[in-house]
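Below is one structure, written out as C-alpha cells; the observations come after it.
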Amino acid sequence: AGAAETKNAIPKIGIAVPSPDHGWTGGVGWWAEKAVKDFEAKYPGKYEFKVLHADGYAKQLSDVEDLMVWGMDYLVILPHESAPLTPVVKEAHDSGVKVIVVDRGLTDTSFGYINLAGNNKEMGKVSGIYVRDYMKKNNLTKYVAMGGMPVVIDGERMNAFFDEMGKDASLVNLAGGRAYDFSDWSTQKGLELMENYLQKYPEIHAVFCQDDDVMTGVLQAIKESGRKDIKLVFGGAGSKAAYEMIMHDDPLVKATATYHPSMVYDAIAYCLDVAEGKKSSDFNTAKAPTAVVLPSVLVDKSNVSQFYDKDSVF
Amino acid sequence: MGEKTVATYFKDFKIKDHSLGMAFVVLFVIAAFVGWPNFLRIRNLTNILRQISYTGIIGLGMTMVIISGGIDLSVGSMCAFVGGISIYFLNLFGPESILGIALTILFSLVLGMVCGALNGIMVAKFKMAPFIVTLGTMSIFRSLIQYFSNAGNILSENTLYGRIGSGVFLRLPIPVWCFFAVGILLHVVLNHTAFGRYICATGSNEQVAKYSAINVKLVKMIPYIITGLTVGVTALMWSSRLNCINPSDCTGYEMDAIAAAVIGGTLMSGGKGSIIGTMMGAVMLGIINNMLVMGGISAFLQQAVKGLVIIVAVLLQYNNNGK
Amino acid sequence: MGEKTVATYFKDFKIKDHSLGMAFVVLFVIAAFVGWPNFLRIRNLTNILRQISYTGIIGLGMTMVIISGGIDLSVGSMCAFVGGISIYFLNLFGPESILGIALTILFSLVLGMVCGALNGIMVAKFKMAPFIVTLGTMSIFRSLIQYFSNAGNILSENTLYGRIGSGVFLRLPIPVWCFFAVGILLHVVLNHTAFGRYICATGSNEQVAKYSAINVKLVKMIPYIITGLTVGVTALMWSSRLNCINPSDCTGYEMDAIAAAVIGGTLMSGGKGSIIGTMMGAVMLGIINNMLVMGGISAFLQQAVKGLVIIVAVLLQYNNNGK
Amino acid sequence: MKGIVDSRDILYLDGISKEFSSVRVLDQITFGIREGEVMGLIGENGAGKSTLIKIICGIYQPTEGQVLLNGELVDIPDYITGKKLGIGIVPQEFNLINSLTVYENIFLGNEIHKGLLLDKKLMRLKAREQLDRLKMPVDVDKLVSDLSVAEKQMVEISKAMILDARILIFDEPTTTLTGHEVEILFDLMRNLREKGVTMVFVSHKLHEVKTICDRVTVFRDGKLISVDDIAEVDEHDLARKMVGRDFSQVFPPKLKRAENTVILEVGHFCIANLLKDVSFTLRKGEILGFAGLVGAGRTETMEALMGLRRLEKGTVLLNGEIVKIKNARDAVDHKLGYISEDRQGKGIVQGFDIPKNISLISLPDKYVRHGFIDKAAEDLSANHYIDEFKVVAASKKMELKYFSGGNQQKVYLARWMDTEPQILILDEPTRGIDINAKREIYEFIHALAESGISCILISSEMEEIIGLCSRVYVMKEGHIADCLEGDEITEENIMFNATGIKKGN
Ligand SMILES: Nc1ncnc2c1ncn2[C@@H]1O[C@H](COP(=O)(O)OP(=O)(O)OP(=O)(O)O)[C@@H](O)[C@H]1O
Ligand SMILES: Nc1ncnc2c1ncn2[C@@H]1O[C@H](COP(=O)(O)OP(=O)(O)OP(=O)(O)O)[C@@H](O)[C@H]1O
Ligand SMILES: O[C@@H]1[C@@H](O)[C@H](O)OC[C@H]1O
Ligand SMILES: [Mg+2]
Ligand SMILES: [Mg+2]
C-alpha cells in the first residue's frame, strides 16, 4: 500500500487516553481497545499498537514521552486537559510524529494535526433547544442544570445551553442566572446533587445534567423521593442505558444529545487510513490543524435504533 | 457510686466530657437556622442519614481499625470491587431469583471479609505499615475491577435487587437501618466484649498486649476483616441502589470514613475511640454538607468550608481534652 | 574501627544492610530486559528522571515530615494552589519581565513555606493529628484555587517563564537538577545538623526529645515548612513547564510522595528515614511505571502491578530488617 | 519571700506548691541545697520527688512559690532554660531515643558543631571517654534499642554528665543497676563533688542515700518533713520519717522449705547470643531467686519460658509432664504468670483504668458471661484488689498513667494474681517503689509461697534475694553459674558467681 512514509519498518501507533474515571472515559478506553483489536485483525502484523491510559494529565504527559521513546510514528490522543498536554504533543509533532487529537483539543493551533471531535457547542445548543421547547410545550418553567467538570468543553456546553434557555424569559434556572454545580460526570455525585436539589427546591420541572451517567443518579434520587413535579431529565453523550430508556418510553427521559466515546474509534480509523495512504498525510505539514467535526445529534424515540449498540460498555 | 440524683448529675456535668455531643447540638442548631425551614423536614433529615450511611457504615469498621493502631485506605476501591464482583455473581442467577439475591448478600459480605483479611494478614502477620499495605491494595482493588469490567458499568440483570438499596422500611431507607444496626453491633463488640478490650489494649501498646497473653496478631487482623465486612454491607447497599456498579464508584470513601471516625473522637494514634462518636461524626459531616448546599455557598468553596469545619471540630475536641 | 581493607569490606557486606540498593539494582536490570532496547536509551532515562522529579522533590520534604512523626496529605492541593497564585503574581509584571520571574521564584518558595507553616502550626502548636489537619487543608487549598480561578486554567502571560520548567542544563532537565539539589541539601540537613537529629528524636519519642531540651514544637513545625518549600519548588517547575496551572493539577501527589519515602525505607511511624532512600524510591517508582508502559501490561492492571510492587518492596525491607 | 537562710545555698526553693487539676502534690516546700553537696531526696511513691525535680528543671511550673539560684530569683519556663542555667537531670523513666545510636543520644540536644555541620568524630570520641569513665565500654555506634537496661542507664548518666552542669539531679539512677555498677556511679559522683558540682540524689534504697549523700531531705505526701545531715540519721530514722510511723522488720521471716515436689523443670534453654543451656528446677511453694549482673540473661530465660521469645532448644516439664508453651496464653493456661521488669513498656496499659487493667488477662475466663463482659463483676474484683494491695487512688476509674509507680506496680501485680497462677515469676518487682510498698510486696510474695504457690524472684538487689529466697540460681553471661542454697546464699557467693571476681580481690 502507498502508506505515508514512517521511521519504522512496522509503523507504530501510540494511543493515549484518560483512564476510566467515569462512564464516558470508560467508554473511550473500551472503544480504543476495540479499534486496536479490529485493526490488528484487519492488518495482521502490519502495525504495532500501544494504548496508554492516564489517570491525570501529568501521567499522560509522561505517557506521551514514553511513546516517543518507544518510537511511535502516529499519535492518537484524547488529552486529559488541553493546555498542559499541548507542549508535549507539539514536541512529538516536531519530532515527526503524525498527530490526531480527539475530543478535548489543544491550545496551540499553529501546527498541523487532525482535530477530531464532537461538537460541544452544538451539543449544548441541541440540548438547550430540546429542553426549552419541551418545557414550553408542557407549560413547565422551573429547571436546574449540572455541569461536568470545570474544563473547557464543559463551559462550551453549558454556555450554549444557557444561551438557548435564555431565549425564553419564562424559564427560570432555580439556582439563579447561569449558576450550576459540578457532577464530576459521575453517577454518585449526580445522585447526591439531585438529592440536595430536591430538598432545596420544592418544585422542579426539568433537570439538565449533560451526561447520561449522571442522569442515572439523578433519576434514582427522583424515584426515591417519590416526587412527581419533575417531568424531564436530559442527559447527554448517548449511553446504552439512556438509549434503552428512550426506546422503552421512560416517563422522564425522552431524548439525549450524542457525544459518543466511540469517536476515539473513528480517530484510530482515520489514522489507519492515513497510514494506508487512503487519506492524505499533508495535515502534518500544515500550518494549522485540520478539523474533523462529528456532529452532535438529538436522539429520540424516532432515531434511537440507529445509535444503539448492545455490546458497548457505555 | 450509689444512685445519682438528677441534681448531682447536672453538678457533675462537665462540658469537656461531652464536647462531641455539644458540638453536634451546636451544629444542628446552626444548620436549622441556615437551612430554615427545609433542614428540619423529616424528608431532609432522612436524606442526610441516607447520604452518610454509605461511608458511615465503613467509618464504623474504620474506627475499629484505627483503634487497633492501623488505618485502611483501600475501603473505597474495595467497595467498588466487592460491589462489582457481587453483581457478576448475582447475574449467574435468573433475573428474578430471590435465591440469587440471598446468596449474593452472603457472597458480598464474605468477599468483603476476604479482602479485609488480605489487608489484615499483611499488617498483622508480615508487620507491614498499614498505610502502605492499604495504599497498595487501594490501587489493586481498583485496578482489578476495572480490568474485569473493561471499565464499563456492571449492570445487574436481577430486577428485584434494586429494591434492597432503594427500599424504605418504617420510613427510614434500608441503608440507614444498616448503618444503625452495624453501629449498635460494633458498639457492643467494642465496649462489651473481650475482643473490643483487646483492640484498645493492642492499639495503645502492642508490647503490653503481647505480655498480657493477648494474641496480638489476631487482634490486629480482625479489625480489617470487620472493615471488610462493613465494606461488603456498603457495597451491597450501593450496588443495589443503582442496580449497577461503575468501576470508578466509591472513590474517596476512605477520607470520609476516616474523617467521621476522627471527628467522633477516635485517636489517630490508636488505643481509644468510640463507635457512637463515629456515628455522630458521620452525621455531622452530612449536616455540614447539607448546610453548604442549602446555604448556597459557592460550589468551589464548599470543600474549603468542609475542610475548615473538620479542623475546627477536631481542634475543639483536642483543646477540651485538656492536652 | 581503623582502616577497612576492600576484603574486609566485602566480608562485612550484609545484604540486609543494603536491601534498598539491591532492590534498586534488581529492578533496574529487570526494567532493562523488559524495556529492551528503549529502556537504556539516555533519552528514556532522563525522561524517567524528569517524570519523577515533581513528586520526587515533594517526597524529599515529605520524608522530613514523616521522620518527625507527621504526614502531609495536602501537598498536591498546595502545589496547585502555590502554582496558581504564583502565576497570578507573575502576571502582575510585563510579558517579558525577567525581574517578574525572579520575584515569582522567590514568591513561590515563600508562599509554599507559608502554606507549610499553616499545617505546621496546627500540628505543633495545637497538637492536632497531622492526618486530619492536612486532610482539611488538602480540601482548603484545592477549593481556594478553584474559587480564584473559577475552575479554569490560569495562564501565564510571561513568554520567558516556560523556559525554566522545560529547560535543559548539561543534558539534564532543570526539574531533575532541582531534585538532586534539594536532595543533597536535605540529606545534609538530616544527617549532618543538629536539627536533623532532633527531627529523628522527636519522631521517635516526643517526650524524650522534650527532656533533652529540644524545642519540640519548633522541630515538629519546621518539617512542614520544608515540605512547603519543596512544594514551592515543584509548583514552580510544574507551572513553568506548562506556562499554566489548572486548579485540578497535582492531584494525588501526596500518594506518590509518601510511596517514594516509604519505599526508600522511611518508617511511617517516624523516627527513622533517609533522603537518599527517598530519592531511590522515587526513581524506582518511575522505573516501574516506565516498565509497565514499555512492557505493554494491560492498562487496567498497571495500577495493580504498581500497588503490588510497592507492597513487595516494603515487605522485603521489613523482613530484612529482621523484625 | 523569706530570703536566703544560708549563704552556702546554690539553689533555694521558696514555698513551692504544685497542683494537678486541683490535687495538691507539693505543698509549700521550702529548703536550700548547698553548693558542692550531694543532697538526698527520699519519700514514698507519689510523695512528690519527681515533681519537685521537674519544677527545678523547668519541665513543670509551680502553682505557687519560686526558685532562687545563687540568691537570685529565676524563672525557668522550660527545660531549655533550665539547661542554660546549668541544671542537668537523669530522669526517672528511660529517656533515650531507641532509633539513635549511643553517642547520638549522649549528645542529643547538646551537639558539637564544626562550622555549620555536626562534628561526629569529636562527639564519638567524647562519648567513648565518658562511658569509659563509667567503666561501660559499649560501642558508641550501637543503637540504643540493642542495649541492656544497665547499659541504657549508663548512657543516660553519660548524657547528663556531658552537660557540664553545675547542678546535677539524679532521679532514681540506681534502680536498674547492680551493686557493682552502683559503686562505679558513686565513685563518679564523688569525683564530681570534688570539682564542686552540686547534686541531688533520689533513691528508695536508704543505704545508698546513707553512703553517698551529705544531707538528706524527706518528703511525705507532698510535704517537707525534714532536712538532716546524713551523719545525724540512720536508715531506721529515715524510714520512720518517710512512712510517718515506726517501721521495723522489712523482710518477713524466711520460709522453711515445706515440700520437695518439683513442679517445674526447665531444661537446656538455648537462644543464640543470649542463653546457653539454661536448666533449673522449681519446687512447690518455694521462693526461688535468680541473681546475676544486669544483662546476664535472666529476663530472657523467663520470657522464653512464658512463650514470649522463640527458643532454639529447650524443654519444659510441668508437674512431670512435657508441655509446649508457644505464647503467653499457653503459659497462662498452664498457670504461669510473669511480672515484667518493664512496667511502662510491657506491663500496664496507660490509658486503661484500674478494673480494665486488672482484668486484662483473666477477662475471657472470669468476666465474660454469654459473650459479654460483666462489668459489675469486673468492678467488684477491682475493689477487692484495691483493698488487698492497698492501692491508693483518687478514683478507680482514673487512667493508670496518672498513678505513681508503686501503685501502678500493685495494679500490675493484681492483674496476674487474678489469673490464679501456680507459678509466679517476678522480674524486678520492687524496681522504683518505696520502702513501704516494697515491704508490702515482700509480705505478699511470702504469703503466696506459704499458700503453696511457687515464686521466681529476679532481682538485682542482693538483699532482696538474700532476705527472701530459699534457693538462688546465679546467672552469668547467659548461663547458670551456680545454684546456691540455704547458708550459701551470701552476698559474696552471689557476686563471685555473677562476676567471677571474689570480693576483696
Ligand atoms: N502529670 C500529672 N498529672 C496528674 N498527676 C500527676 C502528674 N504527675 C504526677 N502526678 C501525681 O503527683 C504525685 C507525685 O508524683 P511524683 O512522680 O512526683 O512522685 P515521686 O515521689 O517521684 O514517686 P516515685 O517514687 O514513685 O517516683 C503522684 O500522686 C502522681 O500521681
Ligand atoms: N533484642 C535484642 N537484641 C540483641 N541483644 C539483646 C536484645 N535483648 C537483649 N539483648 C542482650 O541480651 C543480654 C541479656 O539482657 P537482659 O537485660 O534481659 O538480662 P537480665 O539478666 O534479665 O538482666 P536485667 O537485670 O537487666 O533484667 C544483654 O546483654 C542484652 O544487651
Ligand atoms: O465525561 C465526558 C467528557 O470526558 C467528554 O469529553 O465529554 C462527554 C462527557 O460525558
Ligand atoms: Mg519519681
Ligand atoms: Mg532483666
Side-chain angles (χ1 to χ4, degrees), chain B residues 1-4 12 14-17 66-69 124-125 127 129 184-222 265-274 320-323, chain D residues 20-21 303 306-309 325-334 336-352 355-376 378-379 383 395-397 399-401 412 415-416 419 427:
Chain B
M1 327 285 112
E3 294 295 292
K4 271 192 180 173
D12 286 357
K14 290 203 196 80
I15 287 196
K16 67 168 193 160
D17 295 341
I66 297 178
I67 294 176
S68 81
K125 203 162 153 42
K127 300 190 177 170
I184 291 168
L185 185 76
L186 291 188
H187 174 80
V188 171
V189 169
L190 183 62
N191 293 289
H192 297 279
T193 71
F195 174 69
R197 192 68 61 79
Y198 293 166
I199 297 183
C200 295
T202 304
S204 167
N205 188 330
E206 207 177 315
Q207 279 293 55
V208 170
K210 185 177 152 193
Y211 276 71
S212 302
I214 292 172
N215 187 338
V216 172
K217 280 187 189 165
L218 202 66
V219 169
K220 282 174 75 179
M221 190 168 89
I222 291 180
T266 296
L267 281 188
M268 281 304 291
S269 48
K272 214 171 155 185
S274 129
N320 275 332
N321 288 347
K323 273 278 281 203
Chain D
F20 288 112
S21 39
E303 286 180 345
M306 289 296 290
L308 292 162
R309 260 176 201 275
I325 297 174
K326 293 191 295 297
N327 53 46
R329 180 45 66 183
D330 290 346
V332 172
D333 291 344
H334 284 110
L336 263 68
Y338 173 64
I339 313 275
S340 163
E341 61 184 333
D342 184 0
R343 183 168 62 232
Q344 304 294 329
K346 292 167 180 159
I348 57 165
V349 182
Q350 306 261 6
F352 278 11
K356 284 184 182 174
N357 260 297
I358 291 181
S359 67
L360 194 59
I361 305 174
S362 44
L363 199 58
D365 301 326
K366 284 189 156 175
Y367 306 104
V368 176
R369 307 245 182 293
H370 314 295
F372 300 114
I373 298 174
D374 182 347
K375 294 194 179 177
E378 219 181 0
D379 277 0
N383 287 339
S395 151
K396 68 171 186 292
K397 294 289 180 199
E399 292 180 7
L400 226 65
K401 63 175 162 231
Y412 185 26
R415 176 192 302 163
W416 276 104
T419 67
D427 195 350

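Chain naming here is simple, since letters A, B, ... match the order of the sequence lines and numbering starts at 1 in each.
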Contact between [X] and [Y] at the side-chain level, heavy atoms closer than 4.5 Å - yes or no?
X: B/H192; Y: D/K375; answer: yes
X: D/K366; Y: D/I361; answer: no
X: B/I67; Y: B/C200; answer: yes
X: D/D427; Y: D/E303; answer: no
X: D/Q350; Y: D/Q344; answer: yes
X: D/K397; Y: D/P355; answer: yes

Evaluate whether atom NZ of B/K125 has more than 12 neighbouring non-hydrogen atoms of other residues, nucleotides or ligands under 6.0 angstrom away.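 No, the 6.0 Å shell around NZ holds no more than 12 heavy atoms from other groups.
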Working note: B/T202 + B/S68, criterion side chain to side chain contact (heavy atoms under 4.5 Å, CB included); need CA distance, chi angles, decisive distance, verdict. CA-CA 6 Å; B/T202 304; B/S68 81; 5.7 Å; no
Can you tell which part of D/F352 gets under 4.5 Å to a heavy atom of chain B, answering side chain, backbone, both or neither?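 The answer is the side chain of D/F352.
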Non-hydrogen atoms of chain B under 4.5 Å away: do they reach the side chain of D/Y338, the backbone, both or neither?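 Answer is side chain: those atoms of D/Y338 sit under 4.5 Å from chain B.
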Name the region of [X], side chain, backbone, both or neither, that has any atom closer than 4.5 Å to a heavy atom of chain D.
X: B/V189; value: neither
X: B/Y198; value: side chain
X: B/S204; value: side chain

Contact residues of residues 325-333 of chain D (partner chain B; heavy-atom separation under 4.5 angstrom):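 Residues of residues 325-333 of chain D touching chain B at under 4.5 Å: D/A328, D/R329, D/V332.
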Looking at D/E378 and B/R197, does any basic side-chain N land under 4.0 Å from a carboxylate oxygen?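 B/R197 and D/E378: salt-bridged.
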Under a 4.5 Å cutoff for heavy-atom pairs, which residue among D/V368, D/I348, D/T419 has the most contacts with chain B?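 Heavy-atom pairs under 4.5 Å are most numerous for D/I348.
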